[in-house]
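Contents: one structure, followed by commentary.
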Amino acid sequence: GLDLGANDYIVRPIDKNELVARVRSQIKRKRYTERLRDSVQTSMELAVTDALTGLYNRRYMESHVGTLVERSAARGKSLSVLLLDIDYFKAINDTYGHDAGDDVLRDFSDRLRACIRGIDLACRYGGEEFVVVMPDTDIGVATMVAERIRRRVAGDLFAIQNGQKSIEVTISIGIAARLTPEDTAGRILKRWDGALYRAKRDGRNRVVADAA
């Protein structure tokens, strides 16, 4: 029985005090094992996720985007990347406080998740910048998704200060796609950064796709 995985055994005739003691011991062992497993799982999640928004963090994105680009090239499939930036986010923090800024970041992350697929990789890149990597998606479809996200953000006010106030929030989005089999993650991200810069320069609250 022990070889098959049993943790303990008792021999007849059964002593009630011994039975109670052994049962208590096994329950304690099980609870300890569960706490240890939960602690390990929590530590693993904290290592790859952003604590405020629940999205993947920059470290996770940077360690996986190269693999996704290579996989896309090997399969001959499209891949697009979105860089999203909350417009005038510093002004929100300066006017309403950092707690209000955190409210906006959490709400924005929820809206972002609602607009993308399960296979898309959504990350908080840093501060008020977010990234979505979209496998099997060409730049035309990615542009439609980005526009849907932009409308979802601009269309409804963001509640702050425990719902006591609501404010308008907009975002700017830059898009780049894998163009050739030789295209690397670095090249894609450089074009994607340029697209976001143009979206900001041209007035914010807009989507700009850079296909070249």
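Keep in mind the model is a prediction, meaning the values are calculated, not measured.
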Q: Can you establish whether the number of heavy atoms outside Phe89 located under 6.0 Å from its atom CZ is more than 12?
A: yes
Q. Does any N or O in the side chain of Ser63 come within less than 3.5 Å of the main-chain N or O of Arg59, such that one atom is a donor and the other an acceptor?
A. yes
Q.
Do Val208 and Tyr88 land in one hydrophobic cluster if side-chain heavy atoms of ILVMFWY residues count as linked below 4.5 Å?
A. no
Q. Do you reckon Tyr56 sits in the same ILVMFWY cluster as Ile119, going by side-chain contacts under 4.5 Å, direct or chained?
A. no
(Q) Rounded at 0.5 Å granularity, tell me how far CG in Leu82 sits from CD1 in Ile173. (A) 6.0 Å
Q: May I have the step-by-step check of side-chain contact (heavy atoms from CB on, under 4.5 Å) for Ile86 and Val104, ending in yes or no?
A: CA-CA 9 Å; Ile86 299 176; Val104 170; 4.3 Å; yes
Q) How many angstroms lie between atom CD of Glu128 and atom CG of Leu84, to the nearest 0.5 angstrom? A) 12.0 Å
(Q) Do Arg178 and Ser72 pair up side chain to side chain, a donor and an acceptor below 3.5 Å, judged on atom types alone? (A) yes
Q) Shortest non-hydrogen contact from Trp192 to Gly174? A) CD1-O, 3.5 Å
Q. Hey, does Tyr60 have a side-chain heavy atom less than 4.5 Å from the side chain of Leu121?
A. yes
Q) Any side-chain heavy-atom pair from Leu189 and Asp193 closer than 4.5 angstrom? A) no
Q: To the nearest 0.5 angstrom, please state how far the OG1 atom of Thr170 sits from the CZ atom of Arg151.
A: 15.0 Å
Q.
Can you confirm whether the side chains of Ser172 and Asp85 place a donor and an acceptor under 3.5 Å from each other?
A. no
**Q.** Cluster overlap Ile171 with Leu52, hydrophobic side-chain contacts below 4.5 Å
**A.** yes
Q. Are Val23 and Ile14 grouped together when hydrophobic residues (ILVMFWY) are joined by side-chain heavy atoms under 4.5 angstrom apart?
A. yes
Q | Residues Asp183, Arg191; criterion salt bridge (charged side-chain N to carboxylate O under 4.0 Å, His left out); working and verdict | A | CA-CA 11 Å; Asp183 229 350; Arg191 294 198 303 270; 2.9 Å; yes
Q) Can a donor-acceptor pair be found between the side chains of Thr49 and Asn57 at a distance below 3.5 Å? A) no
Q. Hey, are the side chains of Thr143 and Val207 touching, using non-hydrogen atoms and a 4.5 Å cut-off?
A. yes
Q) Judged by modelled atom types alone, do Arg150 and Asn205 share a side-chain donor-acceptor pair under 3.5 Å? A) yes
Q. Tell me, do Ile188 and Val69 make a side-chain contact under 4.5 Å, heavy atoms counted?
A. yes
Q) Should Ile149 and Ile116 be marked as a side-chain contact (heavy atoms from CB on, under 4.5 Å) after you check the CA-CA gap, both sets of side-chain angles, and the distance that decides it? A) CA-CA 9 Å; Ile149 297 170; Ile116 61 177; 4.2 Å; yes
Q: Using a 4.5 Å cut-off on heavy atoms from C-beta on, say whether the side chain of Leu79 contacts that of Asp136.
A: no
Q: Evaluate whether atom CZ of Arg31 has more than 12 neighbouring non-hydrogen atoms of other residues, nucleotides or ligands under 6.0 angstrom away.
A: no
Q | Side-chain heavy-atom pair Val145, Val132 within 4.5 angstrom cut-off | A | no
**Q.** Nearest non-hydrogen partners of Gly66 and Ala185, listed with the distance
**A.** CA-CB, 4.1 Å
Q: Considering non-hydrogen atoms only, spot the tightest contact between Ile139 and Ala177 and give its length.
A: CB-CB, 4.0 Å
Q) Measuring from Lys165:NZ to Thr95:OG1, what's the distance to the nearest 0.5 Å? A) 9.5 Å
(Q) Side chains of Thr137 and Arg117: any donor to acceptor distance under 3.5 Å? (A) yes
Q.
Quick check: is Leu112 connected to Ile167 through a chain of hydrophobic side chains (ILVMFWY, heavy atoms under 4.5 Å apart)?
A. yes
Q) Between Arg113 and Gly54, what is the shortest heavy-atom contact and its length? A) NH1-C, 3.8 Å
**Q.** Arg35 side chain near Tyr32 side chain, heavy-atom distance below 4.5 Å
**A.** yes
Q.
To the closest 0.5 Å, what do you measure between CZ (Arg124) and CG (Leu105)?
A. 5.0 Å
**Q.** Ala209 versus Arg198, closest heavy-atom pair with distance
**A.** O-NH2, 4.4 Å
Q) Looking at CZ of Arg22 and CG of Asp15, how far apart are the two atoms once the value is rounded to the nearest 0.5 Å? A) 10.0 Å
Q: Compare every heavy atom of Cys123 with every heavy atom of Met61, then report the nearest pair and how far apart it is.
A: CB-SG, 3.3 Å
Q) Can you tell me if CZ on Arg71 sees more than 12 non-hydrogen neighbours from other groups inside 6.0 Å? A) no
Q | With sequence neighbours excluded, residues passing salt bridge (Lys or Arg N to Asp or Glu O under 4.0 Å) with Glu62 | A | Arg58
Q. Under 4.0 Å between a Lys/Arg side-chain N and an Asp/Glu carboxylate O for Asp110 and Arg106?
A. no
Q: Examine distances only and state if a side-chain atom of Asp103 and a backbone atom of Ala159 form a donor-acceptor pair shorter than 3.5 Å.
A: no
Q: For residues Ser109 and Phe130, determine if any side-chain heavy atom of one lies less than 4.5 Å from a side-chain heavy atom of the other.
A: yes
**Q.** Stacked cation flag Arg111 on Phe158, 6.0 angstrom / 45 deg
**A.** yes
